[in-house]
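Numbering of residues begins at 1 and proceeds along the displayed sequence. Since we're looking at a predicted model, the values are computed, not measured. Hydrogens, waters and symmetry mates are skipped; everything else that's a heavy atom, side chains included, is used.
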Amino acid sequence: MKLSVIPALFILLAPAAWADNNGGLEKGEAPPPPHALDDGYRGTDDARIMTINQAKEMHDGASISLRGNLIDGSGDKYVFQDKTGKIDVIIPKAVFDDRTVKPDQMISINGSLDKKSSPPVVRVDRLQK
């Protein structure tokens with residue numbers, strides 16, 4: 001009886017050992033950090049973020065997503081800056097949700113562009129630290 005069980009187990013387990021090299025995801029090395037990627041798909045966040053210069057070229061009422069720093073302001077009017085320039089933003093107290101933002105903290109803001117104002121402003125409806 002033992003003789004027939006051992007070959008049967010060997011026959012059942014052997015194909016599983018050979019099936020490892022059929023493609024798919026090979027886990028082992030860590031992926032490169034996001035800043036080291038030069039091209040290709042980077043995720044939805046990178047696709048939505050634009051620069052201030054790009055935002056100023058958009059039409060009135062366009063949805064805007066920016067990443068940068070709040071550098072000045074009070075009440076609900078602030079100045080937002082990224083590597084391409086500055087733009088005025090209007091951020092209601094409710095959007096801050098009791099969070100404080102320092103000028104050296106990188107944040108993301110989402111809102112709509114108001115080109116009827118002179119100069120154009122972004123009316124922010126979402127802030128993420």
Side-chain angles (χ1 to χ4, degrees):
M1 181 73 177
K2 282 186 178 182
L3 247 16
S4 62
V5 173
I6 292 174
L9 282 175
F10 181 72
I11 290 172
L12 291 175
L13 295 177
W18 293 315
D20 288 340
N21 297 330
N22 289 336
L25 177 64
E26 184 177 325
K27 296 181 181 179
E29 294 184 26
H35 67 274
L37 296 174
D38 291 329
D39 56 19
Y41 178 76
R42 296 185 190 180
T44 56
D45 285 341
D46 289 341
R48 292 182 295 181
I49 298 297
M50 61 182 66
T51 65
I52 289 175
N53 285 344
Q54 291 170 333
K56 288 180 179 179
E57 300 298 319
M58 302 290 287
H59 61 85
D60 184 48
S63 294
I64 304 294
S65 294
L66 299 169
R67 185 174 290 147
N69 305 85
L70 281 179
I71 58 170
D72 195 19
S74 62
D76 63 351
K77 296 180 182 179
Y78 298 90
V79 178
F80 187 82
Q81 176 180 349
D82 71 0
K83 61 185 175 186
T84 65
K86 298 177 185 179
I87 193 166
D88 294 333
V89 295
I90 297 174
I91 308 175
K93 293 282 186 199
V95 173
F96 279 105
D97 196 28
D98 293 331
R99 296 175 289 184
T100 58
V101 176
K102 297 178 184 175
D104 64 340
Q105 289 178 320
M106 180 76 72
I107 62 169
S108 296
I109 59 172
N110 297 347
S112 59
L113 181 65
D114 184 359
K115 286 189 98 169
K116 294 175 185 168
S117 299
S118 182
V121 299
V122 175
R123 297 185 183 278
V124 178
D125 54 30
R126 184 169 170 238
L127 182 143
Q128 186 175 4
K129 287 173 72 172

Test side chain to side chain contact (heavy atoms under 4.5 Å, CB included) on V121 and V89 and set out the steps.
CA-CA 5 Å; V121 299; V89 295; over 6 Å; no

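The environment of K56 atom NZ is dense: over 12 non-hydrogen atoms of other residues, nucleotides or ligands sit within 6.0 angstrom. Shown here is K129, whose NZ atom has more than 12 heavy atoms of other residues, nucleotides or ligands within 6.0 Å.
In this structure a side-chain-to-backbone donor-acceptor pair under 3.5 Å is present from D82 to T84.
By the rule that hydrophobic residues join a cluster once side-chain heavy atoms approach within less than 4.5 Å of another member, V122 and F96 end up as members of one cluster.
For the pair D60 and L113, the minimum side-chain heavy-atom distance is 4.5 Å or more. With contacts defined as side-chain heavy-atom distances shorter than 4.5 Å, the pair K77/D88 does not qualify.
When every heavy atom of L66 is checked against every heavy atom of I52, the shortest pair comes out as CD2-N, 3.9 Å. Closest approach of S112 to G61, counting heavy atoms only: CB-O, 4.2 Å. The heavy-atom pair separating R67 from S108 by the smallest distance is NE-OG, 3.4 Å.
In this structure, the separation between CD1 on I64 and CZ on F80 is 11.5 Å, given to the nearest 0.5 Å. For the atom pair CG of D104 and CD1 of I71, the computed distance is 12.5 Å after rounding to the nearest 0.5 Å. The distance from atom CD of Q105 to atom CG of N69, rounded to the nearest 0.5 Å, is 9.0 Å. Taking CG of L70 as the start and CD1 of I109 as the end, the distance is 6.5 Å to the nearest 0.5 Å.
Side-chain atoms of N53 and T51 form no donor-acceptor pair, as typed in the model, at a separation below 3.5 Å.
Across I91, I90, D76, a single residue satisfies side-chain contact (heavy atoms from CB on, under 4.5 Å) together with R123, and that is I90.
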